[in-house]
Amino acid sequence: VQLQGVWGGLVQAGGSLRLSCGASGRTFSSYVMGWFRQAPGKEREFVAAISWSGGSTYYADSVKGRFTISRDNAKKMVYLQMNSLKPEDTAVYYCAAHGSGSYYYDAQYIYWGQGTLVTVSS
(Lines give C-alpha, C1' and ligand atoms only; values in the text may rest on other atoms or scores of the structure.)
Protein backbone atom coordinates (compact mmCIF):
# COMPACT_ATOMS: atom_id res chain seq x y z
CA VAL A 1 0.00 0.00 0.00
CA GLN A 2 1.18 3.52 -0.75
CA LEU A 3 0.36 6.39 1.55
CA GLN A 4 0.21 9.96 0.51
CA GLY A 5 -1.41 13.27 0.87
CA VAL A 6 -0.96 14.30 4.46
CA TRP A 7 -1.83 17.95 4.83
CA GLY A 8 -0.71 19.89 7.88
CA GLY A 9 -0.48 23.57 8.59
CA LEU A 10 -0.13 26.37 11.08
CA VAL A 11 -2.62 26.83 13.88
CA GLN A 12 -2.82 28.80 17.09
CA ALA A 13 -2.75 27.14 20.48
CA GLY A 14 -6.20 25.95 21.43
CA GLY A 15 -7.17 25.52 17.80
CA SER A 16 -8.00 22.46 15.75
CA LEU A 17 -6.62 20.81 12.67
CA ARG A 18 -7.47 17.62 10.81
CA LEU A 19 -4.79 15.59 9.07
CA SER A 20 -5.76 13.36 6.19
CA CYS A 21 -3.83 10.50 4.69
CA GLY A 22 -4.87 8.73 1.51
CA ALA A 23 -3.85 5.25 0.49
CA SER A 24 -3.66 3.35 -2.72
CA GLY A 25 -3.86 -0.41 -3.05
CA ARG A 26 -6.64 -2.88 -2.57
CA THR A 27 -5.50 -4.10 0.84
CA PHE A 28 -5.80 -0.83 2.75
CA SER A 29 -8.73 -2.07 4.83
CA SER A 30 -6.67 -4.98 6.17
CA TYR A 31 -4.08 -2.78 7.84
CA VAL A 32 -4.01 -1.24 11.25
CA MET A 33 -3.15 2.39 10.61
CA GLY A 34 -1.18 4.71 12.81
CA TRP A 35 -0.04 8.28 13.20
CA PHE A 36 3.37 9.23 14.49
CA ARG A 37 5.11 12.53 14.97
CA GLN A 38 8.62 13.84 15.29
CA ALA A 39 9.37 17.12 16.98
CA PRO A 40 12.60 19.00 16.26
CA GLY A 41 15.50 17.35 18.01
CA LYS A 42 13.39 14.46 19.26
CA GLU A 43 12.75 10.89 18.25
CA ARG A 44 9.65 9.92 16.36
CA GLU A 45 6.83 8.99 18.72
CA PHE A 46 3.54 7.19 18.57
CA VAL A 47 0.40 9.33 18.46
CA ALA A 48 -2.55 7.06 17.64
CA ALA A 49 -3.57 3.86 15.91
CA ILE A 50 -6.82 2.39 14.64
CA SER A 51 -7.79 -1.19 13.90
CA TRP A 52 -8.69 -2.32 10.41
CA SER A 53 -12.40 -2.05 11.15
CA GLY A 54 -12.11 1.19 13.05
CA GLY A 55 -13.61 -0.48 16.09
CA SER A 56 -10.52 -0.11 18.27
CA THR A 57 -8.36 2.94 18.76
CA TYR A 58 -5.18 3.56 20.72
CA TYR A 59 -3.66 6.83 21.83
CA ALA A 60 -0.55 8.19 23.42
CA ASP A 61 -1.26 9.62 26.85
CA SER A 62 -0.13 13.04 25.67
CA VAL A 63 -2.96 13.30 23.13
CA LYS A 64 -5.70 11.25 24.74
CA GLY A 65 -8.91 13.24 24.95
CA ARG A 66 -7.70 15.81 22.42
CA PHE A 67 -6.96 13.80 19.28
CA THR A 68 -9.24 11.38 17.46
CA ILE A 69 -8.14 8.89 14.84
CA SER A 70 -10.64 7.59 12.32
CA ARG A 71 -10.71 5.86 8.97
CA ASP A 72 -12.91 5.43 5.96
CA ASN A 73 -12.07 2.17 4.26
CA ALA A 74 -14.30 2.87 1.28
CA LYS A 75 -12.33 6.03 0.57
CA LYS A 76 -9.03 4.53 1.70
CA MET A 77 -8.46 7.41 4.05
CA VAL A 78 -7.25 7.75 7.61
CA TYR A 79 -7.70 10.94 9.61
CA LEU A 80 -6.35 12.55 12.72
CA GLN A 81 -8.59 15.19 14.24
CA MET A 82 -6.52 17.33 16.56
CA ASN A 83 -8.27 19.61 19.03
CA SER A 84 -7.05 21.83 21.84
CA LEU A 85 -3.66 21.97 20.19
CA LYS A 86 -0.66 22.96 22.25
CA PRO A 87 2.72 24.33 21.17
CA GLU A 88 4.26 21.01 22.22
CA ASP A 89 2.20 19.31 19.51
CA THR A 90 4.42 21.02 16.93
CA ALA A 91 6.04 18.27 14.90
CA VAL A 92 6.21 16.55 11.57
CA TYR A 93 3.31 14.10 11.46
CA TYR A 94 3.35 10.80 9.58
CA CYS A 95 0.72 8.24 8.75
CA ALA A 96 1.79 4.63 8.55
CA ALA A 97 0.46 1.13 7.94
CA HIS A 98 1.19 -1.43 10.62
CA GLY A 99 2.92 -4.73 9.91
CA SER A 100 3.06 -6.84 13.05
CA GLY A 101 3.77 -6.55 16.73
CA SER A 102 3.08 -3.62 18.98
CA TYR A 103 1.11 -0.69 17.60
CA TYR A 104 3.18 1.73 19.66
CA TYR A 105 6.56 1.35 17.99
CA ASP A 106 7.43 2.82 14.63
CA ALA A 107 9.64 -0.15 13.77
CA GLN A 108 6.46 -2.28 13.52
CA TYR A 109 5.07 -0.18 10.68
CA ILE A 110 5.93 -1.11 7.14
CA TYR A 111 4.50 1.64 4.94
CA TRP A 112 4.91 5.33 5.56
CA GLY A 113 3.48 8.47 4.08
CA GLN A 114 5.49 11.60 3.65
CA GLY A 115 5.48 13.75 6.73
CA THR A 116 3.72 17.02 7.09
CA LEU A 117 4.65 19.82 9.42
CA VAL A 118 2.13 20.96 12.00
CA THR A 119 3.09 24.15 13.78
CA VAL A 120 1.16 25.31 16.83
CA SER A 121 1.88 28.89 17.76
CA SER A 122 1.47 30.16 21.28
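Count residues from 1 along the sequence. Remember, predicted model here, so these are calculated numbers, not experimental data.
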*Please identify each residue that fulfils ring pair (Phe, Tyr, Trp, His ring centres under 6.0 Å) with Trp52, with sequence neighbours left out.*
none
*Output all residues satisfying ring pair (Phe, Tyr, Trp, His ring centres under 6.0 Å) with Tyr59, sequence neighbours left out; order by chain, then residue number.*
none
*salt bridge (Lys or Arg N to Asp or Glu O under 4.0 Å) contacts in which one or both residues fall within residues 108-122, not counting sequence neighbours*: none
Going from [atom1] on [X] to [atom2] on [Y], what distance comes out if it is rounded to the nearest 0.5 angstrom?
X: Phe67; Y: Leu19; atom1: CZ; atom2: CG; answer: 8.0 Å
X: Asn73; Y: Ser30; atom1: CG; atom2: OG; answer: 9.0 Å
X: Arg71; Y: Cys95; atom1: CZ; atom2: SG; answer: 11.0 Å
X: Met82; Y: Thr68; atom1: CE; atom2: OG1; answer: 11.0 Å

*Can you tell me which residue pairs pass the side chain to side chain donor-acceptor pair (under 3.5 Å) test with a partner in residues 89-107, sequence neighbours excluded?*
Arg37-Asp89, Arg37-Tyr93, Arg44-Asp106, Arg66-Asp89
*Pairs in or reaching into residues 76-85: which pass side chain to side chain donor-acceptor pair (under 3.5 Å), with residues at least two apart or in two chains?*
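Sorted result for residues 76-85: Ser16-Asn83, Gln81-Asn83.
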_Please determine whether residues Val47 and Val92 belong to a single hydrophobic cluster, defined as Ile, Leu, Val, Met, Phe, Trp and Tyr linked transitively by side-chain heavy-atom distances below 4.5 Å._
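No; Val92 is not reachable from Val47 via cluster members.
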*Should Val32 and Leu80 be regarded as members of a common hydrophobic cluster, given that ILVMFWY residues are connected when their side-chain heavy atoms come within less than 4.5 Å of each other, either directly or indirectly?*
no
For a quick test of reading the model, state the closest non-hydrogen atom pair linking [X] to [Y] and the distance between them.
X: Leu3; Y: Ala96; value: CD1-CA, 3.7 Å
X: Val1; Y: Ala97; value: CG1-CB, 4.1 Å
X: Ser122; Y: Ala13; value: CA-CB, 4.3 Å

*asked:* Per the ring-ring contact (aromatic ring centres under 6.0 Å, His included) rule, what does the pair list look like for residues 9-38, sequence neighbours excluded?
replied: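 Qualifying pairs, neighbours excluded: Tyr31-Tyr111, Phe36-Phe46, Phe36-Tyr109, Phe36-Trp112.
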*Is it the case that more than 12 heavy atoms not belonging to Glu88 sit under 6.0 Å from its CD atom?*
yes
